[in-house]
There are 2 protein chains.
Amino acid sequence: MGIFSKTCEYAVRAVFFIAQQTADGSRVGIKEIAVNIDSPEHFLAKILQDLSKRGIIQSVKGPNGGFYLDAQNLSRPLSDVIEAVDGGGIFRDCGLGLKECSSKNPCPLHHDFLDVRNRLQNMLESITIGQFNEDLNLGIVVLKK
Amino acid sequence: MGIFSKTCEYAVRAVFFIAQQTADGSRVGIKEIAVNIDSPEHFLAKILQDLSKRGIIQSVKGPNGGFYLDAQNLSRPLSDVIEAVDGGGIFRDCGLGLKECSSKNPCPLHHDFLDVRNRLQNMLESITIGQFNEDLNLGIVVLKK
DNA sequence: ATAATAAAAGACATTTTTATCTTTTATTAT
DNA sequence: ATAATAAAAGATAAAAATGTCTTTTATTAT
């Protein structure tokens, strides 16, 4: 198990891919996305449907349709995707699973975990969905394998 | 989904509880552990069986039997428990699920994730299983609710 | 209007995780 | 030796996550 669910991993990879592919105003289809981020097509379709409903990505049906991101979408923080798919638990929940863990009633790891989670959250909030377009174009970073 | 699996959360809470309860050389039974860390008894039993096989905790059958930790066990890092239950993936695997993600072939988050994971690992390697015994005695930290 | 396209939606299937219950084995005290 | 105790082991079951396949709906180009 990674930090995120498999669903969330696919979501992030797909969003980055759509960002890069549609920066020119075009759209990209589910099949092409799935192939290029190495994910099961129909499973990814569900994920993107959900992201589309939430306004994190855009979609249009029919010929020349597909998924794309508008300028707004590109400027949103990556944490939006994580929150949409996995929920914000990773930023907030107790590392040991305690419901009422808090500074008043802490688990043994409360303090240390607070630090780690805050760093993760700050990181994901400061990264934008569109910020890797250039690096993806140059092949400096990758989304599959 | 938290950072760790539910299994791992139970394991860590249980290990901390056993540490505190058996510091005096006694043993503690599965029923008492389960009640005090708020976990399903038989499910926890499996987890502790496994930790026992791996030498992370000790167990003896029969009357006056139960689980306990020896001095060695108490001084081991908490990361041992995480590795035993969830595996070391959380310290090593790509945040976006790429098999071959590396500094040579990085995913977009590679660099940032490296930092977060290393911090998590350092934290869990520097915490020992026995180090919260005092705080648990004093009620400064808790293992249930 | 019609046919082609592509996402949306629905129905299942599989796998993994989490949980429960029963039987067996080892140990201890009597 | 025997009975009592407690973990180990085995067998299922339920729930959640992941994956696949089919049908429907919206849009576009002809």
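Chain A is the first sequence line, chain B the second, and so forth, proteins listed ahead of strands; every chain is numbered from 1. A quick note: this is a predicted structure, and the numbers were derived from the prediction, not measured. Quick note: numbers below take in every heavy atom, side chains included, and nothing from hydrogens, waters or symmetry partners.
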Open item on the list: Checking A:F132 now: which residues fulfil ring-ring contact (aromatic ring centres under 6.0 Å, His included) with it, not counting sequence neighbours?
Closed with: A:F16
With rounding to the nearest 0.5 Å, note down the distance linking [atom1] in [X] to [atom2] in [Y].
{"X": "A:D80", "Y": "A:L51", "atom1": "CG", "atom2": "CG", "value": "10.5 Å"}
{"X": "A:E83", "Y": "A:C8", "atom1": "CD", "atom2": "SG", "value": "10.0 Å"}
{"X": "B:Q20", "Y": "B:I129", "atom1": "CD", "atom2": "CD1", "value": "14.5 Å"}
{"X": "A:I127", "Y": "A:N122", "atom1": "CD1", "atom2": "CG", "value": "11.0 Å"}
{"X": "A:L109", "Y": "B:L78", "atom1": "CG", "atom2": "CG", "value": "6.0 Å"}

Open item on the list: Are A:F113 and B:F4, when compared by the centres of their aromatic rings, separated by less than 6.0 Å?
Closed with: yes
Which residues within [range] lie with some heavy atom under 4.0 Å of an atom in DNA chain C?
{"range": "residues 58-71 of chain B", "answer": "B:K61, B:G62, B:P63, B:N64"}
{"range": "residues 27-34 of chain A", "answer": "A:V28, A:G29, A:I30"}
{"range": "residues 85-96 of chain B", "answer": "none"}

Open item on the list: I'd like to know if the side chain of A:R117 reaches the main chain of A:D93, judged simply by a donor and an acceptor atom lying under 3.5 Å from each other, with no hydrogens or angles considered.
Closed with: yes
TODO: Without swapping roles, check the side chain of A:Q131 against the backbone of A:T128 for a donor-acceptor pair under 3.5 Å.
DONE: yes
TODO: Mark up nucleotides 10-20 of chain C, 5' to 3', with B wherever a protein heavy atom is under 4.0 angstrom from a base atom, S wherever such an atom reaches only the sugar-phosphate, and - elsewhere.
DONE: BB------BBB
Task: Contacts of type side chain to side chain contact (heavy atoms under 4.5 Å, CB included), residue B:V60, not counting sequence neighbours - done: B:R27, B:Y68
Open item on the list: Output the pairing pattern of DNA chain C as a dot-bracket string, 5' first, Watson-Crick or G-U wobble with both distances under 3.5 Å, | for cross-strand pairs, [ ] for crossing pairs.
Closed with: ||||||||||||||||||||||||||||||
Task: salt bridge (Lys or Arg N to Asp or Glu O under 4.0 Å) partners of A:D115, counting only residues at least two apart - done: A:R119
Task: Set of residues satisfying salt bridge (Lys or Arg N to Asp or Glu O under 4.0 Å) with respect to A:K46, sequence neighbours excluded - done: none
- [ ] Check whether any side-chain heavy atom of A:K145 sits under 4.5 Å from a side-chain heavy atom of B:L98, and report yes or no.
- [x] no
Task: Contact summary for A:C94 and A:C107, nearest pair of heavy atoms - done: SG-SG, 3.8 Å
Task: Heavy-atom closest contact (A:R13 atom, B:L96 atom, distance) - done: NH1-O, 2.6 Å
Task: Heavy-atom contact window of chain A on DNA chain D, given 5' to 3' at under 4.0 Å - done: D:dT18 to D:dA29
Task: Test side-chain hydrogen bond (donor to acceptor under 3.5 Å, both in side chains) applied to A:S26 - qualifying residues, sequence neighbours left out - done: A:D24
Task: For A:Q21, all residues meeting side-chain hydrogen bond (donor to acceptor under 3.5 Å, both in side chains), sequence neighbours excluded - done: none
